[in-house]
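Heads up: the structure comes next, in structure tokens.
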Protein chains: 2
Amino acid sequence: MATMQDVARLARVSVSTVSYALTGARPISQATREKVLAAMAELDYQPNALARGLASRRSRILGLLLPLDERGLGATESAFVTGAAATASAAGYHLVLSPVDAGDLDGLRRLASQRMLDGVVLMEVQVDDPRVGVLREARVPVVLIGRTGDTADLSYVDIDFDRTVRDAVAHLVDLGHRRIVHVNHSAAALAGGYGPALRSRDAFAAAMTGYGVTPVMIPAEESAAGGRHALTTAFGRAPDLTAVLAMNESAVFGILGELTAHGRTVPDDVSVVSMVTSPQVAELATPALTTMTSPGTAVGRIAIEALLRHVRDDGTALHQELLPCTLEVRGSSGPVRRQAVGAPRTEHPS
Amino acid sequence: MATMQDVARLARVSVSTVSYALTGARPISQATREKVLAAMAELDYQPNALARGLASRRSRILGLLLPLDERGLGATESAFVTGAAATASAAGYHLVLSPVDAGDLDGLRRLASQRMLDGVVLMEVQVDDPRVGVLREARVPVVLIGRTGDTADLSYVDIDFDRTVRDAVAHLVDLGHRRIVHVNHSAAALAGGYGPALRSRDAFAAAMTGYGVTPVMIPAEESAAGGRHALTTAFGRAPDLTAVLAMNESAVFGILGELTAHGRTVPDDVSVVSMVTSPQVAELATPALTTMTSPGTAVGRIAIEALLRHVRDDGTALHQELLPCTLEVRGSSGPVRRQAVGAPRTEHPS
DNA sequence: GCGCTTCGTCGAAGCGTTTCGACAGACGGC
DNA sequence: GCCGTCTGTCGAAACGCTTCGACGAAGCGC
């Protein structure tokens, strides 16, 4: 493995000149640069990343911090990750994937103090997230995917739940729906301060109230069974419901199944809109789901771009951006039926 | 940020003693060790990972190399990644996620020569994969997830397609099925030497031949539409089919839809077994899919464990392991119907 | 009590870069 | 023709750690 020494020797220049030729930190004459480049090519020289990082105090490594519970990544989160990885790589940075259990602040502190990460993207942010404080204390540049409650002096990229919910509701209202049920993430997620659950709940309540309708909102466990159960509850609270807004990618399939079990067809009797969902998942259902399609890799990309700006200039302004999900109408939503009001049946099966 | 110097000064020992106390590379008396540890605690000392890596020639960073096409990670691959990340992290290593386009050998060479990665796990391996050669040339320890054609001197972890297919076929045969159709990955994947597609095809052919039945095998694009199309073809080639073995997670939902469109119910008329599938995905379908459940995070974990052994001892033997998928019977498979033979209908819709 | 190991510690030499101050020479203004 | 400015290059000092050889102090057998 050739070193800079070797290159310098071969090119008959000093080591520092090689360095300048490589980084452009100081002007180098055309002739010298060419000699150096030739020597590099001949020796098949590659700079040692660690040495470079030590001397320059920049590792060119970014961290992607996310809690890694056993249920793994959903399609949406996985798109964030791949978007981030691709962007970092294209910019000549490495992206390390660091599982940090939300509670393990000491581990995080250790990670941050190793000086290995030039900056981090923090995923799965809670509304009140202690990890942010730890990172700030360690003076590591941070960009959030998601938002804390107090967004005053942090950069973040997040989904615009407010707008997404409004657009989804508007779609359903345009189709004539009024009795719309919001099936949220789990009660535990709500209690734990999970942003998407909280924000979409509030946005939904506001939107429905705006239309003069009392909002019906039900939490659901993150599983098909959770969705089924939530729907049973929904029929209890709003037997005349004609539409469901599902926040919860896992639950939505249970919802579809339970609708069928209740003798309702989709979209003729009940419309379903799945929020923050990827097209791939939407196509899995029959009929294919009308979704608010999540911005996917763009979220990860924008987060890394913002982080790079912080890492490089340091003085840059905050980047705060909300990306809306876009409505994609597929087979699961349609106009409300004329005679709809008055529930066809009121039994409570299994 | 405290350095080792600071610790040494405070503990009134030399820098090297601090290093030995930290790494255990040489024996240190109990008394001295305690002094050093106390000093570290007081200064809130964290070793600088880069300096450590430069001096010891071990970065404690592993790479996870995978092509990152726009369609992102499936549930199964995503489990590999999270399993790997969790294991690396638990072992005190960092895991960088490096998107390497399958063709970009130069980029890979550069990555490998930076001396930043102690070893790499290579995912999405082709049967004839040039990346392996590049890595070997750069003397970077490698573990594959998947296998090349010539497995002689490489460590790998892979799914045991042979056994998985045999078990799945046995399950269906036990239920009385004989006309079983194998819906594979896309023709492009087959042509490109994608291991899972190739191996499962061969295993299926062997298994069916073993039962004295001519195998029916059809490739399908990785989408619901691909599944639908494949099924139409299937009905053409085997109108009396009673079971489908689906390799292709995306296509399987299309298959289910198309079965319904053909007037067949699952599992009464046709049984469906989804290969190498996660339970989460299985639950999305109605009825829930009988699957050969993929080993999920275990694959990533084992790959990292093997890689760490290579990185540390260097001399260790190869690790070659095949993990079978385990049969989980859910609602999509059942006994063949008595009068089954002789197709109910033979129309070719849409 | 003698030399021999063994144990615990130290000092110094790297590891392969970046970066800082210095400086020689070319250049232009007046 | 002299001085001040740039340009392009060099040498050396970091960066914060690991590791090697050396060495005094014990501990041992005989």
Side-chain angles (χ1 to χ4, degrees), chain A residues 1-37 39-40 43-61 92 94 110 112-118 311-312, chain B residues 1-37 39-40 43-61 92 94 110 112-118 311-312:
Chain A
M1 203 98 309
T3 76
M4 231 173 200
Q5 287 267 17
D6 304 327
V7 175
R9 198 154 29 225
L10 183 60
R12 306 188 166 290
V13 298
S14 75
V15 192
S16 47
T17 300
V18 176
S19 175
Y20 292 132
L22 194 64
T23 64
R26 282 194 188 179
I28 291 287
S29 73
Q30 189 60 25
T32 317
R33 161 169 296 118
E34 272 160 20
K35 269 195 308 185
V36 171
L37 259 30
M40 285 182 178
L43 296 175
D44 201 15
Y45 169 76
Q46 281 300 125
N48 178 309
L50 261 32
R52 201 174 237 225
L54 177 59
S56 66
R57 254 138 301 184
R58 311 213 136 183
S59 64
R60 300 190 142 251
I61 304 177
H94 297 270
R110 219 168 306 130
S113 313
Q114 282 185 123
R115 310 274 84 187
M116 170 167 270
L117 303 179
D118 284 352
V311 166
R312 287 173 173 153
Chain B
M1 202 98 310
T3 75
M4 227 173 204
Q5 285 268 18
D6 304 328
V7 175
R9 198 154 31 225
L10 183 59
R12 306 187 165 287
V13 298
S14 75
V15 191
S16 48
T17 301
V18 176
S19 175
Y20 293 131
L22 195 65
T23 64
R26 281 192 188 180
I28 291 286
S29 73
Q30 189 59 27
T32 317
R33 163 170 292 117
E34 273 162 19
K35 270 195 308 186
V36 171
L37 259 30
M40 283 182 179
L43 293 176
D44 202 15
Y45 169 76
Q46 282 300 127
N48 179 309
L50 261 32
R52 200 174 240 225
L54 177 59
S56 67
R57 254 140 299 187
R58 310 212 135 186
S59 64
R60 300 191 141 251
I61 304 178
H94 296 269
R110 220 168 306 129
S113 313
Q114 282 185 123
R115 310 275 84 188
M116 170 166 272
L117 303 179
D118 284 351
V311 166
R312 288 173 174 152

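Heavy atoms only: backbone and side chains are in, while hydrogens, waters and symmetry mates are out. Letters A, B, ... mirror the listed sequences (proteins, then strands); counts begin at 1.
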Item checked: Below 4.0 Å: OP1/OP2 of D:dG8 and any side-chain N or O of A:S29 -> no
Next item on the list: Taking B:R57 for its side chain and B:A55 for its backbone only, find out whether a donor-acceptor pair lies under 3.5 Å.
Entry: yes
Note to self: Quiz question: going by heavy-atom distance under 3.5 Å, is there a donor-acceptor pair between the base of D:dG11 and the side chain of A:S16?
What the structure shows: yes
Notebook entry, point to check: Would you say C:dG16 has OP1 or OP2 under 4.0 Å from some side-chain N or O of A:R52?
Noted result: no
Check: If only atom types and distance count, is the side chain of A:D118 paired as donor or acceptor with the main-chain N or O of A:S59 below 3.5 Å?
Finding: yes
Next item on the list: Name the nucleic acid region contacted by B:L54, choosing base, sugar-phosphate or nothing; use a 4.0 angstrom heavy-atom cut-off, strictly under.
Entry: base
Notebook entry, point to check: Contact class for B:S19 vs. all strands (heavy atom < 4.0 Å): base, sugar-phosphate, or nothing?
Noted result: base
Check: Any donor-acceptor pair under 3.5 Å joining the side chain of B:Y20 to the base of D:dC20?
Finding: yes
Item checked: Whether B:R115 side chain and A:A51 backbone form a donor-acceptor pair below 3.5 Å -> no
Note to self: Can you tell me if B:T3 touches the phosphate of D:dG16, counting only side-chain N or O atoms and a distance under 4.0 Å to OP1 or OP2?
What the structure shows: no
Check: Can you tell me if the side-chain N/O atoms of B:T17 get under 4.0 Å from OP1 or OP2 in C:dC10?
Finding: yes
Notebook entry, point to check: Counting side-chain heavy atoms from C-beta on, which of D:dC17, C:dT17, D:dC20 comes nearest to B:Y45?
Noted result: D:dC17
Check: Contact class for A:R57 vs. all strands (heavy atom < 4.0 Å): base, sugar-phosphate, or nothing?
Finding: sugar-phosphate
